[in-house]
Amino acid sequence: MSDILDFFVCDSCSNKDFSPLYNFSLRFHGVNFSDELIYDEMVEERYQCTKCQKNFTKKEIEEGLSELRKKRKMG
């Protein structure tokens with residue numbers, strides 16, 4: 001049996017190429033045992049279509065790949 005290669009594609013333009021985008025932030029919040037704020041560093045990872053610039057979250061891409069697996073198993 002030969003290999004079959006399916007790609008996640010942009011739902012706007014059908015492009016299969018994406019570039020990573022990262023946002024870095026600090027989330028400040030209080031805690032009940034101190035008057036000082038503490039913070040958490042946060043990194044948001046997104047992917048941008050190289051053709052139409054539409055952004056996708058990692059979760060959206062994982063869901064799209066899951067759909068491809070389901071279709072291949074059924075078909």
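In summary, Arg72 and Asp6 engage in a salt bridge, as defined by a charged side-chain N under 4.0 Å from a carboxylate O. Under the 4.0 Å criterion applied to side-chain N and carboxylate O atoms, Lys59 and Glu62 are not assigned as salt-bridge partners.
Rounded to the nearest 0.5 Å, atoms CD (Glu60) and NZ (Lys54) are 7.5 Å apart. Summarising the geometry, atom SG belonging to Cys13 is positioned 9.0 Å from atom CD belonging to Gln53; distances are rounded to the nearest 0.5 Å. Note that NZ of Lys70 and CG of Leu68 are 11.0 Å apart. Values are rounded to the nearest 0.5 Å. Expressed to the nearest 0.5 Å, how far OG of Ser34 lies from CD of Glu36 amounts to 5.0 Å. Distance check, rounded to the nearest 0.5 Å: CZ of Arg27 to CG of Leu37 gives 11.5 Å. Atom CD of Glu45 and atom OG1 of Thr57 lie 10.0 Å apart (nearest 0.5 Å).
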> So Asn55 and Leu21, side-chain contact (heavy atoms from CB on, under 4.5 Å) or not? Walk me through it.
Replying inline: CA-CA 9 Å; Asn55 291 336; Leu21 299 174; 3.4 Å; yes

>> side-chain contact (heavy atoms from CB on, under 4.5 Å) for Leu26 and Glu41? Distances and angles first, verdict last.
In response: CA-CA 5 Å; Leu26 297 175; Glu41 290 185 26; 3.4 Å; yes

>> Show, in sequence, the C-alpha distance, side-chain angles and deciding distance for Thr50 and Asn15, and conclude whether the side-chain contact (heavy atoms from CB on, under 4.5 Å) test is met.
In response: CA-CA 8 Å; Thr50 58; Asn15 183 36; 3.0 Å; yes

>> Could you go through Met42 and Glu44, starting from their C-alpha distance and side-chain angles, then the distance that decides it, and tell me whether this counts as side-chain contact (heavy atoms from CB on, under 4.5 Å)?
In response: CA-CA 7 Å; Met42 302 174 71; Glu44 181 182 345; over 6 Å; no

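Put simply, Phe7 and Phe56 are part of two different groups of oily side chains (I, L, V, M, F, W, Y) that touch within less than 4.5 Å, one to the next. Cluster membership for Tyr47 and Phe8, using ILVMFWY side-chain heavy atoms within less than 4.5 angstrom, is shared. Criterion: ILVMFWY side-chain heavy atoms under 4.5 Å apart, direct or through other members. Under it, Ile38 and Phe33 are part of a common hydrophobic cluster.
Residue-environment remark: OH (Tyr39) stays at or below the threshold of 12 foreign heavy atoms within 6.0 Å.
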